[in-house]
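Everything on this sheet refers to the single structure shown next.
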Protein chains: 2
Amino acid sequence: MIRNTRQRTAVNAVFEELEGFASAQEVHARMRAGGDSIGLSTVYRAVQALVDDGELDSIRTDSGEAIYRRCSTRHHHHLVCRVCGRTEEVEGPTVERWADRVAGEHGFVDVKHTLEIFGTCAACHAPAEPSPVDAPADQR
Amino acid sequence: MIRNTRQRTAVNAVFEELEGFASAQEVHARMRAGGDSIGLSTVYRAVQALVDDGELDSIRTDSGEAIYRRCSTRHHHHLVCRVCGRTEEVEGPTVERWADRVAGEHGFVDVKHTLEIFGTCAACHAPAEPSPVDAPADQR
DNA sequence: CGGCATGTGAGAACTGTTGTCGACTGTGCG
DNA sequence: CGCACAGTCGACAACAGTTCTCACATGCCG
């Protein structure tokens, strides 16, 4: 049986008022800062329970930390500023179709995909930037 | 200056004879098992050096472990079978253009993206058909 | 209300990764 | 060839994120 506890409700609430991603530790810190008393273990447990329920989506950062977002409703992707962390949701039928087609051509079925776009947003890009023409060489 | 050392060559060799992904620890274990004496730190260093050189590609597993793969240096994406772990490289100008355009529309610059497609490959999807080309043993 | 399965939380333990530092060794030079 | 030395090695410590442990608390059901 699964109980409704103060802590579980509170974790849920954090993600409701949150935009973008948060790691378990951030959730914990935020709750502590907000006056809630909660253990780190409990945050992990609550977050994982929410993931199991499909209410949260989890991905990994490059550093290996798990971060969570509330957005399981409709399919979309994220555009993340690598400086300030601001996240925008974007949709793209184009890329959905492309992925399905490519996978199909290789005989794959039951296809899912993950796509994250990283960049520097206009605000973060404004300050001192050495190269006016900053064409990254490796990506196209 | 960058030296050619026995260890670095050996790590490189492991990925040459390897298909698919391997974690740093797997590389270390494999080398030890093969009689090579090498430190774990050295494996991490060598692997990261190879990633920096663009000779290896690194991603994270769901468990947070970093795994590495030798793949072509040009930009591409991976189509991964969630059953056997077989990986195919795919390219898609379409999706590159889409990502750049979408990011640009939001004022983002210096844009990169990651895209992984997961599915079940034809061989693994066939109900009672034991595929002649079976999964490599230690794929994730 | 009372019983008890379930949840909590502080801290220990664990895992993967990175840092440290003395010893070692390719590499370039004479 | 041999020497100097910067780059490298490797055992181990340190670290961060996550999971586990276990005594105690608490929501749920009758």
Side-chain angles (χ1 to χ4, degrees), chain A residues 1-15 18 20-53 55-69 80 82 85 116, chain B residues 1-15 18 20-53 55-70 85 114 138-140:
Chain A
M1 158 168 336
I2 292 181
R3 282 184 196 161
N4 273 334
T5 61
R6 175 177 61 82
Q7 291 87 344
R8 229 161 269 188
T9 311
V11 169
N12 219 326
V14 167
F15 280 101
L18 193 72
F21 302 91
S23 69
Q25 316 239 7
E26 276 169 1
V27 172
H28 181 239
R30 182 180 284 248
M31 294 176 74
R32 277 285 170 94
D36 274 335
S37 161
I38 191 172
L40 187 53
S41 315
T42 306
V43 174
Y44 275 105
R45 267 188 302 244
V47 159
Q48 297 222 336
L50 288 169
V51 170
D52 288 346
D53 284 0
E55 298 216 39
L56 290 187
D57 187 30
S58 83
I59 62 173
R60 293 263 172 186
T61 64
D62 282 348
S63 71
E65 196 178 13
I67 57 178
Y68 305 89
R69 53 156 99 111
V80 182
R82 68 167 66 86
E116 303 282 330
Chain B
M1 165 180 326
I2 292 181
R3 280 185 201 161
N4 274 334
T5 61
R6 176 178 59 83
Q7 291 87 347
R8 226 162 271 186
T9 310
V11 169
N12 220 326
V14 168
F15 281 100
L18 193 72
F21 297 92
S23 70
Q25 316 240 4
E26 276 170 1
V27 172
H28 181 239
R30 183 180 284 247
M31 291 176 75
R32 279 284 170 96
D36 274 336
S37 160
I38 190 172
L40 187 52
S41 314
T42 306
V43 174
Y44 276 105
R45 267 186 303 241
V47 158
Q48 299 222 331
L50 288 169
V51 171
D52 287 346
D53 283 0
E55 298 216 39
L56 290 186
D57 186 31
S58 82
I59 62 174
R60 293 261 171 190
T61 65
D62 284 347
S63 71
E65 197 178 12
I67 56 177
Y68 305 88
R69 181 179 196 276
R70 151 157 281 162
T114 64
D138 53 346
Q139 291 277 350
R140 320 220 137 194

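Each chain gets a letter, A, B and so on, in the order the sequences are listed, and its residues count up from 1. Heavy-atom basis, side chains included; hydrogens, waters and symmetry copies ignored.
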Over all atoms of both residues, closest heavy-atom pair of [X] and [Y]:
X       : Y       : value
B:Val27 : B:Ala22 : CG2-CB, 4.1 Å
A:Ala24 : A:Val43 : O-CG1, 3.5 Å
A:Arg32 : A:Ser37 : NE-CA, 4.3 Å
A:His28 : A:Ile38 : NE2-O, 3.0 Å

Review point. Can you find a pair of side-chain heavy atoms, one from B:Glu26 and one from B:Leu18, that are under 4.5 Å apart?
Key: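 SC-SC contact between B:Glu26 and B:Leu18 ruled out.
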Point to revise | Residue pair B:Ile67 / B:Ile59, side-chain heavy-atom distance below 4.5 Å | key: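 Side-chain contact under 4.5 Å: yes.
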Point to revise | Those residues that, when tested against B:Ala66, pass side-chain contact (heavy atoms from CB on, under 4.5 Å) (two or more places apart) | key: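 Partners of B:Ala66 under the side-chain contact (heavy atoms from CB on, under 4.5 Å) test: B:Arg60, B:Tyr68.
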**Study point:** Sugar-phosphate only, base, or nothing, as touched by A:Ser63 at under 4.0 Å among non-hydrogen atoms
**Key:**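 The residue A:Ser63 makes no contact with any strand.
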Exercise for review: Compute the angle between the rotation axes at the two ends of the helix from C:dC1-D:dG30 to C:dG30-D:dC1, each taken over five pairs, rounded to 10 degrees.
Suggested key: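 End-to-end axis angle for the helix from C:dC1-D:dG30 to C:dG30-D:dC1: 40°, rounded to 10°.
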Review point. Tell me, for nucleotides 18-30 of chain C in 5' to 3' order, what letter each nucleotide earns: B for a base near a protein heavy atom under 4.0 Å, S for only sugar-phosphate near one, - for neither?
Key: BBB----BBS---
List, one per line, each side-chain donor-acceptor pair under 3.5 Å for residues 4-13 of chain B, sequence neighbours excluded.
from: B:Thr5; atom 1: OG1; to: B:Arg8; atom 2: N; distance (Å): 3.3
from: B:Thr9; atom 1: OG1; to: B:Thr5; atom 2: O; distance (Å): 2.8
from: B:Asn12; atom 1: OD1; to: B:Arg70; atom 2: NH1; distance (Å): 3.4
from: B:Asn12; atom 1: OD1; to: B:Arg70; atom 2: NH2; distance (Å): 2.7

Point to revise | OG on B:Ser58 to CG on B:Leu50, rounded to 0.5 Å | key: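 One finds 11.5 Å between CG of B:Leu50 and OG of B:Ser58.
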Of all residues at least two apart in sequence or in a different chain, which pass the side-chain hydrogen bond (donor to acceptor under 3.5 Å, both in side chains) check with [X]?
X       : answer
B:Ser41 : none
A:Thr61 : A:Ser63
B:Gln25 : B:Tyr44

**Study point:** Members of residues 22-34 of chain A that approach DNA chain D, where some heavy atom sits under 4.0 Å away
**Key:**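 Residues of residues 22-34 of chain A that come under 4.0 Å of DNA chain D are, in numerical order, A:Gln25.
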Check your understanding: Are OP1 or OP2 of C:dG9 and a side-chain N or O of A:Gln7 less than 4.0 angstrom apart?
Key ->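 For C:dG9, OP1/OP2 do have a side-chain N/O of A:Gln7 under 4.0 Å.
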Exercise for review: Kindly write out the residues that satisfy salt bridge (charged side-chain N to carboxylate O under 4.0 Å, His left out) with A:Glu116, not counting sequence neighbours, or none if the list is empty.
Suggested key: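 Listed in chain order: A:Arg69.
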**Study point:** Contact boundaries on DNA chain D for chain B, cut-off under 4.0 Å to non-hydrogen atoms
**Key:**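 It runs D:dA6 to D:dC12.
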Point to revise | Atom-to-atom span, CZ of A:Arg8 to C1' of C:dG9 - whole angstrom | key: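 It is 13 Å, rounded to the nearest whole Å.
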